[in-house]
Amino acid sequence: MAVLAKTGMLTVTGWLWEWAVPSGLLIAAGPVLLPGTIRFLQEHGLSETNYRGRPVPTAGGVLLWLLLLLWYLYGVCVVPSSWPDTDRWILAVTMVGFAGLLDDLLGEREVKGLRNHWKTWIEQRRITTGIVKAGTALVAGMLILLPEAETLRSGTGTTFVADSRTLWFLPFKLLLILLATNAVNLLDVRPGRALKGFFVSLLLLVWLASWKESGTETAWNVWRLLVPLTIGAGVFAGADLRGKAMLGDAGANVLGFALGFGFSLQTPFSVQATALAALVGLHAITWRRSLSVIIERHALLRWLDQAGRGRG
């Protein structure tokens with residue numbers, strides 16, 4: 001079905017076929033796929049001991065990837081003329097998701113946290129799955145950022161002057177994306193904590209993105225990633241909060257990666273700098289201290305953390 005090209009504003013027909021219909025399909029498909037996904041994880045031994053010492057299926061991010069794939073296939077088959085240049089975005093997210101799945105499958109449980117992965121690499125010259133995840137996120141980030149930077153540099157006039165700095169800011173944006181990717185993973189140690197962090201960050205992104213003009217194809221691609229992932233996160237939230245399943249690295253890294261891109265491409269530089277400072281602060285704190293201990297010591301944080309949580 002052909003849809004009118006975007007001219008800064010979607011037509012009603014365009015909005016219906018490009019966003020409303022596929023969103024409705026995913027909202028319907030998610031609850032159907034969720035039980036089978038959890039059963040698949042259980043049958044293949046993908047489980048991890050939670051904070052209560054109970055084995056819980058992990059790598060629930062597989063559900064997010066399935067819904068993202070359905071969203072992509074819908075776009076390719078139904079509205080291909082309105083979905084240009086989406087392949088590398090899906091490839092980048094898939095790379096990050098499968099690197100996380102590799103960690104869920106083969107990760108060394110005794111090597112936890114950014115600090116220990118770094119120490120293992122420096123002291124033992126041994127590459128852990130955590131290093132593989134970081135390297136994959138770096139490559140995936142460049143897969144998206146480099147073509148976007150070159151596209152901007154090819155412009156003329158004020159567009160060229162305003163955006164040719166993108167290549168200079170590449171290391172800055174990559175660091176923001178890498179830390180965001182790991183940040184959601186840092187939260188995925190208690191039921192629902194990572195998803196709460198994701199939804200709060202997403203609301204901030206939607207609000208802050210309004211400060212910057214975001215009518216470009218790049219902006220649409222960011223939302224194309226976030227919409228199906230948000231639906232998947234919402235579908236998975238019940239199982240996560242009840243302690244029936246974990247996102248795992250396959251899910252947490254994907255959500256963090258998508259958020260990192262959202263902030264790096266959809267918000268003004270001042271917001272990006274603030275977000276990066278916050279992420280550096282979070283990683284600095286968790287480098288030596290347990291985030292769970294900090295949360296338990298503050299009543300408001302403890303209440304927010306436990307809200308909606310089951311006994312799992």
Side-chain angles (χ1 to χ4, degrees), residues 68 84-97 99-100 114 118 130-155 158-187 197-198 200-227 229-230 252-284:
L68 181 63
D85 203 28
T86 311
D87 297 356
R88 59 188 171 87
W89 290 74
I90 302 300
L91 174 60
V93 174
T94 299
M95 289 167 58
V96 172
L114 186 63
W118 178 259
I131 299 298
V132 171
K133 287 190 303 179
T136 302
L138 179 65
V139 173
M142 295 177 68
L143 180 65
I144 296 179
L145 288 179
L146 282 175
E148 297 300 333
E150 289 301 324
T151 299
L152 292 171
R153 282 170 59 86
S154 66
T158 55
T159 301
F160 178 85
V161 173
D163 292 318
S164 62
R165 302 174 300 165
T166 303
L167 280 176
W168 294 102
F169 288 140
L170 182 62
F172 170 89
K173 290 178 179 291
L174 282 175
L175 181 60
L176 173 59
I177 292 166
L178 285 173
L179 293 182
T181 300
N182 192 60
V184 178
N185 194 41
L186 289 176
L187 299 177
F198 169 74
V200 169
S201 300
L202 181 63
L203 288 174
L204 279 174
L205 173 59
V206 172
W207 175 52
L208 294 171
S210 64
W211 298 7
K212 179 181 179 181
E213 185 177 351
S214 301
T216 65
E217 191 59 44
T218 298
W220 287 113
N221 278 326
V222 172
W223 299 126
R224 286 190 190 110
L225 288 180
L226 283 168
V227 168
L229 293 178
T230 301
N253 286 352
V254 163
L255 293 180
F257 183 77
L259 282 174
F261 264 107
F263 276 93
S264 68
L265 295 175
Q266 302 285 68
T267 62
F269 179 75
S270 58
V271 173
Q272 296 175 40
T274 302
L276 180 59
L279 288 169
V280 170
L282 174 64
H283 282 77

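Any value given below was found using the heavy atoms of this structure, including those in side chains, with hydrogens, waters and symmetry copies removed.
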More than 12 foreign heavy atoms under 6.0 Å from CE of M142: is that the case here? no

Residues passing the ring pair (Phe, Tyr, Trp, His ring centres under 6.0 Å) test with F269, sequence neighbours excluded, are F169, F172

Heavy-atom pair with the smallest gap, counting every atom of N253 and G100: ND2-CA, 4.0 Å

Value for CG (L138) from CD1 (I177), rounded to nearest 0.5 Å, stands at 9.5 Å

Roughly how far, to the nearest 0.5 Å, is the CG atom of L146 from the CZ atom of R88? 9.5 Å

Please round to the nearest 0.5 Å and tell me the distance separating atom CG of D87 and atom CG of L91. 8.5 Å

With sequence neighbours excluded, tell me which residues meet side chain to side chain contact (heavy atoms under 4.5 Å, CB included) with L187. R193, A194, L291

Stepwise side-chain contact (heavy atoms from CB on, under 4.5 Å) check, I90 with L225: CA-CA 8 Å; I90 302 300; L225 288 180; 4.0 Å; yes

Run the side-chain contact (heavy atoms from CB on, under 4.5 Å) test on V206 and L226 for me, step by step, so that the C-alpha distance in whole Å, both residues' side-chain angles and the decisive distance to 0.1 Å come before the verdict. CA-CA 11 Å; V206 172; L226 283 168; over 6 Å; no

For L208 and Q266: C-alpha separation, side-chain torsions, deciding distance, then whether side-chain contact (heavy atoms from CB on, under 4.5 Å) applies. CA-CA 8 Å; L208 294 171; Q266 302 285 68; over 6 Å; no

Going from CG on L255 to OG1 on T230, what distance comes out if it is rounded to the nearest 0.5 angstrom? 8.0 Å

Examine distances only and state if a side-chain atom of Q272 and a backbone atom of T267 form a donor-acceptor pair shorter than 3.5 Å. yes

Side chain to side chain contact (heavy atoms under 4.5 Å, CB included) partners of V280, counting only residues at least two apart: L179, L276

Walk me through whether T181 and K133 qualify under side-chain contact (heavy atoms from CB on, under 4.5 Å). CA-CA 9 Å; T181 300; K133 287 190 303 179; over 6 Å; no

With the side chain counted from C-beta on, respond yes when L175 and L279 share a heavy-atom pair under 4.5 Å apart, and no when they do not. no

Which atom of N185 lies closest to which atom of A252, heavy atoms considered: CA-CB, 3.7 Å

Specify the closest pair of heavy atoms between A134 and L178, including all atoms of both residues, with the distance to one decimal. O-CD2, 3.5 Å

Atom of A258, atom of L229 and distance for their closest heavy-atom approach: CB-CD1, 3.6 Å

Counting N and O atoms only, with roles assigned by atom type, does the side chain of K173 sit under 3.5 Å from a partner on the main chain of S264, one being a donor and the other an acceptor? yes

Closest approach of G260 to A180 (non-hydrogen atoms, all atoms of both residues): CA-CB, 3.6 Å

Roughly how far, to the nearest 0.5 Å, is the CZ atom of F257 from the CD1 atom of I144? 4.5 Å

Locate the shortest heavy-atom distance separating A275 from F263; write the atom from each residue and the value. CB-CD2, 4.3 Å

Measuring from L68:CG to T94:OG1, what's the distance to the nearest 0.5 Å? 6.5 Å

